[in-house]
Amino acid sequence: MTATQNHEAPRTDVLITTAFLAPGDEVDALLHDAGLATRHEPELDTLPVEERAAVLAGVRAIIAGTRPLGADDLIAADDLQVVVRTGVGYDSVDVDTATRRGIPVCITAGANRQAVAEHVFALMLSSARRVSENIRNLADGRWNQLTGRELRGATLGILGLGSIGKAVATIARGFGMHVAAYDPYFDEEFAAANGIRRATLDEVLAESDFVTLHLFLDDSTRNLIDADRLALMKDDAILINTARGGIIDEDALVDAVERGVIGGAALDVFAQEPLPADSALLHTPGILATTHVAGATREARGESGRIAAATVIAVLGGGEPPFVVNPEHRAVAHRAVESREVPA
């Protein structure tokens, strides 16, 4: 066979599906400098099944964004050694399947902490001062000087006092807010040092002027904020969500805002993304929505990409993966090596 007749596809070591990463960028250069061949497929989940399987075959690492990476994908990637999510949420990855196949799923912990925390206050201030309403009125020729409210002296309720929740609490102190927080693994030392009052989930909802969510999405938190819990909130309270859309029962939220059960909501994440143009969340006065951009700063994306690249390089070089969300993968991988079998 001549060279021109050899149509063997080039190898792919690292498949990149994160939309903000691109061929030739810093992350791509880091991977290439390590001798790794890359391929970018930000819309992998939209490809036909057979084409998607062909793309995944032989891939050794995936740097994934927020688009779904399902069981079929992980099985098709028969040489896969690691998945890295450029962010801290990993509900878009079928972690159970990854674990059964002995594949570590990693996150880029800490990379977008400040970005998300700042966006919480962008949403909070926009809602409190009715910024979007004011802009819309002025564009429509209406000079309505809407009355807003101040953050100083208000109570901010934080559900989830992890890395991002702590960053939010720190900023809140600068605004002169009182902070109450709920977390199943409450950090007493941090709370004491930062004047944060520990409360139950229901107490946070009932007592806060603003409530911000910073919880992972799993079976224990899905639709956690339902009609009953929305009814606990003050009738002028604002609910902010930059975590995951599935934590809130969105139909119940629309109903609560329309009926004045709560004052409004500011959302950056949704149960279905992209959010359909006809979604009631976009057409209900009192609900402000942004396009899952809380972590989308140059600084956060740059750091997230660098952490992802470093993780892939380390793992493919035989090192231990950092920020693993499924440590139990090790037992499966060890058994597979011993038996020389690939788990299905």
Side-chain angles (χ1 to χ4, degrees), residues 18-20 65-67 85-92 107-129 131-132 151 154 156-172 174-175 177 179-183 201 204-205 208-218 221-225 229-230 233 237-250 253-254 257 262-275 279 281-282 286-301 303-304:
T18 299
F20 65 78
T66 57
R67 304 285 281 264
R85 254 288 288 125
T86 46
V88 296
Y90 48 88
D91 53 292
S92 58
I107 58 175
T108 55
N112 64 4
R113 176 194 300 118
Q114 187 66 21
V116 175
E118 289 184 11
H119 195 70
V120 168
F121 282 88
L123 295 175
M124 196 182 309
L125 286 165
S126 184
S127 297
R129 299 305 301 268
V131 173
S132 59
L151 302 191
L156 173 62
I158 301 176
L159 300 182
L161 194 63
S163 176
I164 295 173
K166 289 175 179 176
V168 169
T170 301
I171 297 172
F175 278 98
M177 303 183 81
V179 180
Y182 162 79
D183 193 295
L201 189 154
V204 168
L205 292 171
S208 300
D209 301 296
F210 301 88
V211 176
T212 179
L213 308 183
H214 300 288
L215 301 163
F216 286 107
L217 176 62
D218 57 24
T221 60
R222 195 175 304 278
N223 288 331
L224 180 71
I225 309 302
R229 286 207 162 99
L230 289 165
M233 296 176 66
I238 303 296
L239 178 63
I240 300 164
N241 190 12
T242 57
R244 283 295 181 269
I247 298 171
I248 298 175
D249 180 333
E250 293 173 345
L253 175 64
V254 169
V257 173
I262 67 171
L267 312 172
D268 184 55
V269 289
F270 310 94
Q272 180 182 350
E273 295 184 4
L275 187 65
S279 170
L281 295 170
L282 295 176
I287 297 181
L288 172 67
T290 55
T291 56
H292 202 152
V293 291
T297 63
R298 289 176 296 177
E299 296 83 356
R301 285 182 163 178
E303 182 64 8
S304 181

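Fair warning: this is a prediction, and the values are worked out from it, not measured in the lab.
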Minimal heavy-atom distance between Ala172 and Val179, with the atoms involved, is CB-CG2, 3.8 Å
Of all heavy-atom pairs linking Thr66 and Ser92, the shortest is O-CB, 3.3 Å
Please check this pair: side chain of Ser304 against backbone of Ala300, looking for a donor-acceptor N/O pair closer than 3.5 Å. no
>> Other residues, nucleotides and ligands only: do more than 12 of their heavy atoms fall within 6.0 Å of CZ on Arg129?
In response: no
Separation between CG (Asp209) and CG (Leu151), nearest 0.5 Å, reads 10.0 Å
Quiz item: Would you say the side-chain atoms of Glu273 pair up with the backbone N or O of His292, donor to acceptor, closer than 3.5 Å?
Solution: no
With sequence neighbours left out, the residues meeting side-chain contact (heavy atoms from CB on, under 4.5 Å) with Val168 are Ala117, Val120, Phe121, Leu156, Ile158, Ile164, Thr212, His214
In Leu253, Leu230, Asn241, Asp249, the residue satisfying side-chain contact (heavy atoms from CB on, under 4.5 Å) with Ile225 is Leu230
Taking every heavy atom of Ala237 against every heavy atom of Ser208, the minimum-distance pair comes out as CB-O, 3.7 Å
Quiz prompt | Trace of the side chain to side chain contact (heavy atoms under 4.5 Å, CB included) decision for Leu224 with Leu201 | solution = CA-CA 10 Å; Leu224 180 71; Leu201 189 154; 3.6 Å; yes
- Would you say the side chains of Asp268 and Thr290 form a donor-acceptor pair under 3.5 Å? yes
With a 4.5 Å cut-off on side-chain heavy atoms, are Leu125 and Val131 touching?
no
d(Leu281 CG, Leu288 CG) to nearest 0.5 Å is 11.5 Å
Would you say Thr291's side chain and Val293's backbone share a donor-acceptor pair under 3.5 angstrom? no
Distance col, row Arg244:CZ vs Tyr90:OH, nearest 0.5 angstrom, shows 10.0 Å
Between Leu123 and Ala266, the two heavy atoms sitting closest are CB-CB, 3.7 Å
What I'd like to find out is whether the side chain of Gln114 reaches to under 4.5 Å of the side chain of Glu303, using heavy atoms alone. no
Side-chain heavy atoms of Leu267 within contact of Glu250, under 4.5 Å
no
**Message:** Between Thr221 and Phe216 (side chain of the first, backbone of the second, donor and acceptor by atom type, cut-off under 3.5 Å), is there such a pair?
**Reply:** yes
To the nearest 0.5 Å, atom CG of Asp91 lies from atom CG of Leu217 at 5.0 Å
Here the pair of heavy atoms bringing Gly110 nearest to Val88 is N-CG1, 4.3 Å
Check: Would you say Asn112 and Arg301 make side-chain contact, with heavy atoms under 4.5 Å?
Finding: no
In this structure, NE2 of His119 is separated from OG1 of Thr242 (nearest 0.5 Å) by 7.5 Å
In the structure I gave you, are the side-chain heavy atoms of Phe175 and Met124 within less than 4.5 Å of one another anywhere? no
Separation between CZ (Arg85) and OG1 (Thr108), nearest 0.5 Å, reads 7.0 Å
